[in-house]
Amino acid sequence: MTVSARDMVLAARKGGYGIGAFNINNLEWTQAVLKGAQEANAPIIVQTSMGAAKYMGGYKLCVDLVNDLIDSMGITVPIALHLDHGNYEAAKACIEAGYSSIMFDGSALPFDENLEKTKELAAICKDRGISLEAEVGAIGGEEDGIVGMGECADPEECKAIADCGVDMLACGIGNIHGVYPEGWPGLRFDVLDAIIAKVGTELPLVLHGGSGIPDAMVKEAVGKGISKINVNTELQLAFAAKTREYIEAGKDKEGKGFDPRKLLAPGTAACVDMVKYKIDVFGSTNKA
Ligand code: G3H
Ligand code: ZN
């Protein structure tokens, strides 16, 4: 059964390590992410964007898929099922569907509306034992149709949202969704320090756009107070590269190499390796 992300990110914040949050897109992705976490003996967050959940067949199916795989794969490490970049309606729908954690992304809304809706959802989530992530300062790049310009969050606004009683706070610190452009100046640790000075040293902070940030920079961010790191693109790139290799080697033409269980296997295995690699960079190997 999935669990709230609250305890795992609080333990990460106290312990100075980070929890991997991996986006899933289909059955194979879900199996790969769970297998990687179990082999690394690490707690993780499995997350769906609104678009990925729709693609997979809806929020209820995602809940059943993850919980049934936890059983059938004999997963024993803590797993949270999280809505990624949810709007207000999706947040409510996932609470009803049985997600154990949700993100309400109100960063594109007028701040007062973001505050009001975050406050309301925080009360509901507390009642239901579900963890809540909120966001201040839109993350750059494009995530499943959500486009942001990469604002740096305002520490005062972060404090106001934190005081709503959220369990995790995503804040723009120069991070970008997707592949980082040439010449990207790096994360704004000065902004991260200013945010922590306002929200305190106990609130777990979230780093979006985790793909493509140099490992040393991620470790520095985790050391400062980032407790959840989102990764999607780098798994997609690893999967695509291995699948291309398989096809270019003509493996799909050998015997029953066209069988999807064979064709998707190299990419899926690459996802398992990437999950374990990232968990190690974040410092949560053997933290289950
Ligand atoms: O919310 C999802 C993430 O922020 C993923 O970002 O695709 O750059 O790893 P990424
Ligand atoms: Zn994101």
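Read the numbers this way: they start at 1 and go in the same order the structure lists the ligands and their atoms. Excluded from the calculations below are hydrogen atoms, water molecules and symmetry mates; all remaining heavy atoms, backbone and side chain alike, are included. One is the number of the first residue; the rest follow in order along the sequence.
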Answer yes or no: is there an ion pair linking R128 with E96, defined by an N-O contact shorter than 4.0 Å? yes
Under 4.0 Å from any heavy atom of N230, which atoms of ligand 1 are there? 1 (O), 2 (C), 3 (C), 4 (O), 9 (O)
So the atoms of ligand 1 within less than 4.0 Å of a heavy atom of N232 turn out to be 5 (C), 7 (O), 9 (O), 10 (P)
With a 3.5 Å cut-off and no angle check, do the side chains of N114 and T118 form a donor-acceptor pair? yes
Is the distance between the ring centroids of F22 and W29 less than 6.0 Å? no
All side-chain hydrogen bond (donor to acceptor under 3.5 Å, both in side chains) counterparts of D7, not counting sequence neighbours: none
For ligand 1, which is the ligand I care about here, please tell me if E234 has any N or O atom under 3.5 Å from one of the ligand's N or O atoms. no
Contacting atoms of ligand 1, where contact means under 4.0 angstrom from a heavy atom of D84: 1 (O), 2 (C)
Salt bridge between E202 and K14, side-chain N to carboxylate O under 4.0 Å? no
Counting from 1, what ligand 1 atoms have a heavy atom of T233 closer than 4.0 Å? 7 (O), 8 (O), 9 (O), 10 (P)
Have a look at the Zn ion (ligand 2) and estimate, to 10 degrees, the angle subtended by NE2 (H177) and ND1 (H208). 120°
Evaluate S211 for polar contact with ligand 1, using N/O atom pairs at a separation under 3.5 Å. yes
Quick check on contacts: which atoms of ligand 1 are under 4.0 angstrom from a heavy atom of N23? 2 (C)
Only heavy atoms of H208, strictly under 4.0 Å: list the atoms of ligand 1 that pass. 1 (O), 4 (O)
Taking N or O atoms only and a 3.5 Å limit, does G178 qualify as a polar contact for ligand 1? yes
Restricting to N, O or S atoms, which atom of H85 is closest to the Zn ion (ligand 2)? NE2
Electrostatic pair K219:D215 at N-O distance under 4.0 angstrom: no
Determine whether I102 and V3 fall in the same hydrophobic cluster, where Ile, Leu, Val, Met, Phe, Trp and Tyr are linked whenever their side-chain heavy atoms lie under 4.5 Å apart. no
Taking side-chain hydrogen bond (donor to acceptor under 3.5 Å, both in side chains) as the cut-off, I'd like each qualifying pair that reaches into residues 159-168, sequence neighbours left out, listed once. R6-D167, K159-D163
Run the salt-bridge test on K198 and E157 with the 4.0 Å N-O cut-off and return the result as yes or no. no
Ligand-residue contact atoms, ligand 1 with V231, heavy atoms, under 4.0 Å: 9 (O)
Atoms of ligand 1, numbered as shown, that sit under 4.0 Å from any heavy atom of H85: 1 (O)
